[in-house]
Every structure is written in C-alpha cells, then in structure tokens.
S.K.: 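Have a look at the structure that comes next, please.
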Amino acid sequence: MKRILVTSALPYANGPIHLGHLAGAYLPADVYVRYQRMKKRDVLYICGTDEHGVPIAIAAEKQSITPQQLVDRYYADHLDTFTRFGMSFDNFSRTSRPLHHKTSQAFFQNLYNKNVLVERTVQQFYCDTCRRFLADRFVEGICPRCQQPGARGDQCEKCGSSLEQTELIKPYCKVCGHPPVLKDTRHLFFKLGDFQSRLETWLAEKKNWKENVLNYCRGWFKEGLGERAVTRDLKWGIPAPAAGYEDKMIYVWFEAPIGYISATKEWAERIGQPDKWKEYWMDSRTKLVHFIGKDNIVFHAIIWPAMIMAHGDLILPADIPANEFLNLQGEKLSTSRNYAVWLGEYLDKFPPDPLRYYLAAIAPESKDADFTWTEFQQRNNSELADILGNFINRTLTFAKRQFNGVPAAGELNDLDRAMIRVLEKAPVEIGDLFERYELRRGLTALMDVARFANKYFNDQQPWATLKTDRSRCATTINLCLHAVQTLAILMEPVLPFSAEKTWAMLGHTGSVHQQSWDEAGSLTLKPGHRLGQEQILFNKIEDKQIQPEIDRLAAASKNQPPTVAAAETPAEPAKISYDDFSRVQLRLALVLKAEKVEKADKLLRLEIQVGDEKRQIVAGIAKHYAPEQLIGKTIVVVANLQPAKIRGLESNGMLLAAEDETGQLAVLTPDRPVQCGAKVK
RNA sequence: GGCGGUGUAGCUCAGCUGGUAGAGCAGUGGAAUCAUAAUCCAUAGGUCGGGGGUUCAAGUCCCUCCGCCGCUACCA
C-alpha cells in the first residue's frame, strides 16, 4: 500500500450537522486520518457538501430563496462547525462547483458511451399548474399503507413505508396543491444488474469487512439488482449530457460519490499539481476507504463500485467501515422534531475534545449507541479530567516546582522498567486498533496508559522520596514526564486540541501533529529541558451546564412530527359535487365470519352479508379488532369499490372506520339496528 | 409473515475460532496527600432471556419458544 485516500460521506446541505453525523461518518474517519498522518503515511482526506436534489429545491422554495443561496448558507455552516470541531479534511469541497459538474458529466458520458445506460419510459406525475414533473418528494397524498395524509412520494413519514409515487391516494402537488396528472417521461437507467456477478465476486474476497456491510449486500444480491434511474426531471442539479436529455438532471445519488473525485481534483489543482489526483484514483496501490453510516451502505458497497467497474479506469474501495446509528437519550434522532444535538450549538457551550472523546468512546461500531448528557458529563469528569488531565497536571506541577524542568533519570527499578515497557508498547497496541477502525478499544487502551501512569506515580511516592532519595524521585518524575509526552502524541487523533496544549506545556516548540507515532514511546526528553506554562486541560462539567440540554431534549421529545395537515396541506381537499359523492355506494353489511389472514399482521378476512349477497372483504384492522369482536356487528362498507387482491385474497369492498389521534381505529356501526344491505346516504 | 440485529453484574457494555463468567461507572471498606476533593488498593457471588440438544466441556455450536430494535410485505 503506497497511499491512502479517505472519504467521509458527503453531508447533505439542507440542514446543520448533528451528533449522529459525527459519530458515524466523520469523527471515526478523522481519527483514522490523523493517526495515519502521524504514521507518516501518504494519506489524503476528502469530503464536501452534497448540494443537489429535491429536498434542497423544496427547502429553498419554502424559504423563498434560490437553491444556490440555501446551499451557500449550509456549506459555510458545515465548514465552520467542522473546523471548530477539529475535522482535518485536506479538502472540503462542494458539489455545486463547476469542476464537479464537469467531472460528473464526463463520468456519465463515459457510461453512456459504454451502453450501460438504457432508456426507459416511465409514468410520473406532472403538475400542470407548475408546469413540471414532480419528483417523488414533490408529490404528497394519503399513504396507501397507513391511510394517513401527508405521505411523500418516496416515503411515508408516519408509518415509515417506502412508496412509489403512483401509489399515493389523492395525490397533490406539494408546491401548489393541485392534483397532478400522470404523464410519460423518458429516463436513462443504469443497468446495475449487469454487474451483479462481478460485485458478488469482488465482495466475496472482502473477508475482513464488517459483517453488517457484507450482510446488507448479500440481502440485495438475493433480491437481485435491477436497473436504477440516473436522470431526473428537475431544474436544480447537473444537466445530463446525453442527446435528448438536455432538460434533465443527473440523479443525485449518481453524481454525489463522484464528488469524492472532483474534490480530489480540486485539491490537486490547489497545490499546483493538477494531475496528482490520478495517483489517488487510478493507482491500485492506493487504499480507498469510505467512512459512512449504515444508511449509505447500498450506495457505497453496491451502486458506486458498479459505477466504478463500468467506468473502467478507477480503483474500487478497499474498505467501507460503516457505522450504525447514534440514539439520543434513548430515542431516535429526529431532525424534523428538532430532537438532536446540533454541533454548532454544542460548540458554543463546550469545547470540542470532550465530545470527540465521548463519541469515540461510544462509537456505534457494531450496534446502535446511545448518547446521554449525563454519561457525557461523567466520562468527561472521571476519565478526561480525573485520570488523564489530572495525571498530566500533577506531573507537570511537581516537576516544575521540585526540579524546575526535566530531571535526569538515575538507576531503574522494576517499576520503572514496567512503566517504560507500557510506554513502548502503547503506540503499537493502540495503532493496531486504530488501523482496524476500533476506536472504542483504542481509547480504552489509551486510558489504560494514563491509569497505569497514575498507579506508577502513587506506588513510587515521589513526594516521599523527594526528602529521602532525591535521585529516585528524579527518576520517577523523569518517567512521568515521558508518560505525559507519550500520552500527548497518542491522544492526538482523538483529542487534537488537548494534545497540542499538552505539547506546549511540555515546553516543546512546533506542533504535536508533526510528531511520529512510532516514536511516541521513546525516552527523548533531555535533562534540564524547561517546561512550558501549565494549565488545566479538561474542566469539569457541572450539572447546571447539562441540565438545560436535557430539558430541551425532553421537551423536543414531546414534539409531534410536523403534520402536513397543520402546515402544508393545501387547505382542504377540493370540494366535490353531489354527483361525485353519489357515485360512492355505501351500504350496511352484517359480519358473518372473521378471521386473521395468514402471514399478515394487519389483515382480517371478513365474510359479510350485504342484502341478499354474501361477499368477502379484506380489511387492515387486525391490530385493532380481534376477529370475534367483529362477528355479528353491522358495519358500513363501500359496496361498489373495484375488487382488489390483497395477499392473494380477493376483497370486494372496503369497511369504514374512524381513526383517532393515536391511530386507533373504530369501526362505524348504525345507531340502531337496521337491516343489512340498507343504503347509507 | 420474511430478513438482519439484540437480550451477560444496579447502569453502560467486552467476551475472536467452545475449556473454571470480564471491564468501566455507581456502591462499600481502606491507603495516601504531589495533583482539577484528583489518585491507588480491596470488594461484584450475576439461573450469561426461557426450554431442549450436541460435546469430556457451551454466553460461545444446533433446535425451539419469549422480549425488544431496525428494514420489509399485507391496510381498496
């Protein structure tokens, strides 16, 4: 391996950065990169904002600004908060730049020329009023699954189902509220399926990849890879460079990962060696590592590698350390409910290193992790302040007061030799863990060094030997100072700001970031070396500092997700005429039989009597009614609904039920006994 | 219903290819006093979700059941 290229998933420029982002894709990558730099490896760290796509177009429209203005704002915001947090990107670019447009179009054209993009005609909603096609998220309606209003064309936020926009009941245009019409539109599709066997072969060799990534891919292979649309009818994005597609844009998921390449190119231009990007992208001796969250596995482990295979000239990812998610105080993060800790707000109140430390200590490496403010406080206080910070402080103050600098070491005893061994082994042990992306264990190993050093200090009792055996005391303090130096270097990847402060306190000039990892355990301090000004490294965090944060989240947790009905639903559904209504035939029906539909959680099969006629209907009320509760009830059904097959069973009608705010259903029945079959008007 | 994950000391979690149950925090007792009242030592007797099986030996493999979490299917 000659060089390493590291990327973090491109953050989407429609909102600020929160802790969930950091824990998954950013902090682990930054630690890895900082470690590799100190190993003196050729490593490049690339990231940038993802600035195209529908959600940004919608958000901009809502705020009555242009998409460009919106992404300018969030680009600046991300860059600022990441910088304050200590993220050490070599380049933090953005996908709206001309260089990225050019690069993406060239990539697209390459695939187009190789005939792996094929044309398909699909039906899509078109809004006559806005005179444009509506992307999935631009059309809303009633969710066909949970019947709630406000479902988007791609997904229903209420029940979490992913949808096809054409499934929506009573669709309307999110912008103007008018119902759209279905129209044919042409799109280019990437023949992902053509690459399935190559992908399977490629992934089969990745023995040491994380299980979650491999399992996820196996699942996709089992389903079979089909075709994926790569163009969109949109105005905000990168124009698709293909004849007949001038008015369409490249779909964001296609061009976003290409951003890794254009950001590398931009970096190469900036350092005045415009061709240098090729060393990173076209040389198989480069190790390409993508840090992502688990939501991004499909794109990075399947689609993107397939694109690279199709392209032909680029290297494939060598590793994709995907992390799980971070929860907050036991609940899922929710940006729409403002249930999140925003990085910018955190940094206005607390220093970056304690958060870096805590997030690394609970990194969701193998399963979802939980961030709590009290544990954050506790680990800052008992680990950073008490164990690490206090050791550094007690050593430096002692050395300065008693020896006015670094004392010379004398003869070594067993304890001294044990201490030296710990310092020598630590860079190797912690390095191995960082190499394998095991942040949590790496941090534990780091703290163990500090714990051992504290014990060493205690056992040697320099405060006692100071009076009885000054040379013994000097040896102890000499080694403690070396422990401080080792810790300063080894903490750099996770605690870069504190490491730099410690370096200065040791009286060193230059930067800790320039030091060599492999030399971290060496005894290089010269006797007589003058120490710098000591200061408290980690302040304790008081209850009263975190209480407001806990309170805020508790309040936010009660927020309802913004209901579309309240905010955005176009007033009322359009009024219908009496004629329209009279076309719906509602009748009373007697439930003769009811039973659960096998292999379905929500369905009941009902046999009903409507006048003289017996029918079968299937209703999604199994979660609300036991079958026997319904038998003998007289209910209201829509009698002239088109029959449909549901899980293989024919359903001839639909029963009516009311839903309360908690989602509980109540079946409608007449207020006094009425003959079944009677019309409901 | 299917797929994946998960259920280990009060809390948060480690336990890789099977061999006498671990760490940190909290708690309790003690030592020490250089230091941000910091540190260090001792102390956890937990049916490793339940049951069954394989084995000389099982948190660790197999079967089955139960509880959570995520994705996914069914709501005319």
Side-chain angles (χ1 to χ4, degrees), chain A residues 142-148 159-162 167 169 211-212 214-216 218-220 222-223 294-295 297-298 324-325 327 332 361-362 366-370 372 374-375 378-379 381-402 438 440-441 443-444 447-448 450-466 473 476-477 480 534-540 596-605 617-624 637-638 640-657 659 665:
Chain A
I142 297 170
C143 173
R145 311 259 190 271
C146 68
Q147 308 301 326
Q148 301 239 40
C159 66
S161 308
S162 58
E167 292 181 277
I169 299 165
E211 275 300 306
N212 58 351
L214 295 174
N215 278 334
Y216 208 93
R218 285 183 198 125
W220 273 71
K222 231 170 87 184
E223 301 277 314
K294 66 178 168 187
D295 51 333
I297 293 176
V298 187
E324 307 288 314
F325 284 159
N327 293 324
K332 269 174 72 167
I362 62 166
S366 57
K367 58 180 167 188
D368 290 355
D370 193 29
T372 67
T374 46
E375 202 197 345
Q378 189 218 314
R379 298 191 75 142
N381 293 357
S382 72
E383 295 178 22
L384 287 182
D386 293 350
I387 296 174
L388 181 58
N390 182 50
F391 171 72
I392 292 171
N393 184 246
R394 72 197 290 205
T395 298
L396 291 174
T397 51
F398 196 105
K400 218 169 184 185
R401 192 166 309 151
Q402 307 305 340
E438 296 196 34
R440 306 170 68 133
R441 297 177 64 184
L443 266 201
T444 306
M447 289 310 297
D448 283 345
R451 285 194 180 93
F452 190 92
N454 268 319
K455 178 172 164 51
Y456 171 78
F457 198 114
N458 269 40
D459 292 349
Q460 295 287 45
Q461 306 186 17
W463 58 90
T465 57
L466 179 66
C473 177
T476 302
I477 294 306
C480 283
E534 74 264 22
Q535 57 172 315
I536 294 296
L537 209 48
F538 303 103
N539 287 304
K540 300 228 179 185
K596 282 213 62 168
V597 176
E598 273 191 43
K599 300 187 179 181
D601 295 347
K602 300 182 189 171
L603 298 183
L604 289 185
R605 190 186 72 84
I617 67 172
V618 176
I621 51 172
K623 290 249 160 104
H624 309 280
V637 298
V638 179
N640 61 339
L641 202 65
Q642 275 192 351
K645 279 220 164 179
I646 300 162
R647 282 215 79 85
L649 296 172
E650 186 154 310
S651 182
N652 293 297
M654 177 169 84
L655 68 75
L656 298 189
E659 183 180 35
L665 294 181

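In what follows, every chain begins at residue 1, and chains take the letters A, B, ... in the order their sequences are listed.
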S.K.: Which nucleotide in the list rU12(B), rC41(B), rC34(B) gets nearest to the side chain of Glu375(A)?
M.R.: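 My answer, after comparing the listed nucleotides, is rU12(B).
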S.K.: Tell me: NZ of Lys455(A) to P of rA42(B), nearest whole Å?
M.R.: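 So the NZ-P distance, Lys455(A) to rA42(B), works out to 7 Å.
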S.K.: Can you tell me which nucleotide in rC13(B), rG24(B), rU36(B) comes closest to the side chain of Arg451(A)?
M.R.: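 It is rG24(B).
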S.K.: Just how far, in rounded Å, is C1' of rU12(B) from CG of Asn327(A)?
M.R.: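 Whole-Å distance recorded here is 14 Å.
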S.K.: Quick one: Phe391(A) CZ to rU39(B) C1', roughly how many Å, whole number?
M.R.: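 Going from CZ in Phe391(A) over to C1' in rU39(B) covers 11 Å.
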S.K.: From the options rG24(B), rU12(B), rU36(B), select the nucleotide whose nearest atom is closest to the side chain of Asn393(A).
M.R.: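 Within the option list, the nearest is rU36(B).
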S.K.: If you pin Ile617(A) and Phe538(A) to their nearest nucleotides in RNA chain B, which one's is more 5'?
M.R.: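 The residue mapped nearer the 5' terminus is Phe538(A).
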S.K.: Suppose we call a contact any N or O donor and acceptor under 3.5 Å apart; does that hold for the side chain of Asn458(A) and the base of rU39(B)?
M.R.: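 A donor-acceptor contact between them is present.
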S.K.: For rU33(B) versus rU6(B), give the span between their C1' atoms, rounded off to a whole number of Å.
M.R.: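 After rounding to an integer number of Å, I get 47 Å for this pair.
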S.K.: Determine the interatomic distance between P on rU55(B) and the same-named atom on rG50(B); round to the nearest Å.
M.R.: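 Nearest-Å result for rU55(B) against rG50(B) at atom P: 23 Å.
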S.K.: Output the single nucleotide from rU36(B), rA38(B), rA35(B) whose closest atom is nearest the side chain of Asp386(A).
M.R.: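 Among rU36(B), rA38(B), rA35(B), the one nearest the side chain of Asp386(A) is rA38(B).
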S.K.: For rG59(B), does the glycosidic angle fall within 90° of 0 (syn) or outside that (anti)?
M.R.: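 Syn, angle within 90° of zero.
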S.K.: Take atom C1' in rG19(B) and the same atom in rG7(B), then report the distance between them in whole Å.
M.R.: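 Each nucleotide's C1' atom is 25 Å from the other's.
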S.K.: What nucleotide, of rU12(B), rU33(B), rC40(B), holds the atom closest to the side chain of Asn454(A)?
M.R.: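 Of all the options, the side chain of Asn454(A) is nearest to rC40(B).
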S.K.: Trp463(A) stacking on rC34(B): centroids under 5.5 Å, ring planes under 30°?
M.R.: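 Whether judged by distance or by angle, Trp463(A) passes, so it stacks on the base of rC34(B).
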S.K.: Taking any heavy-atom pair under 4.0 Å as a contact, classify Gln402(A): base, sugar-phosphate, or nothing.
M.R.: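 Touches nothing.
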S.K.: Considering Watson-Crick and G-U wobble pairs with both distances under 3.5 Å, what does rG1(B) pair with?
M.R.: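 Partner of rG1(B): rU72(B).
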S.K.: When the C1' atoms of rG49(B) and rC74(B) are considered, how many whole Å apart are they?
M.R.: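 The same atom, C1', in both gives a distance of 30 Å.
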S.K.: More 5' along RNA chain B: Ile362(A) or Gln378(A), using each one's nearest nucleotide?
M.R.: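 Nearest-nucleotide comparison on RNA chain B picks Ile362(A).
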S.K.: Does Arg401(A) have a side-chain nitrogen or oxygen under 4.0 Å from the phosphate oxygens OP1 or OP2 of rA35(B)?
M.R.: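 True: Arg401(A) side-chain N/O within range (under 4.0 Å) of rA35(B) OP1/OP2.
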S.K.: If you compare every side-chain N and O of Lys540(A) against the phosphate oxygens of rA37(B) (OP1, OP2), does one of them come in below 4.0 Å?
M.R.: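 For rA37(B), OP1/OP2 do not have a side-chain N/O of Lys540(A) under 4.0 Å.
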S.K.: Could you check which of rC34(B), rA38(B), rC41(B) has an atom nearest any side-chain atom of Asn390(A)?
M.R.: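 Nearest to the side chain of Asn390(A) among the choices is rA38(B).
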S.K.: Give me the distance, rounded to whole Å, that separates rU54(B) from rU43(B) when you measure between the P atoms they each carry.
M.R.: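 39 Å, rounded to whole Å.
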S.K.: Go ahead and name the base partner of rG7(B); Watson-Crick or wobble counts if both distances stay under 3.5 Å, otherwise write none.
M.R.: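 Partner of rG7(B): rC66(B).
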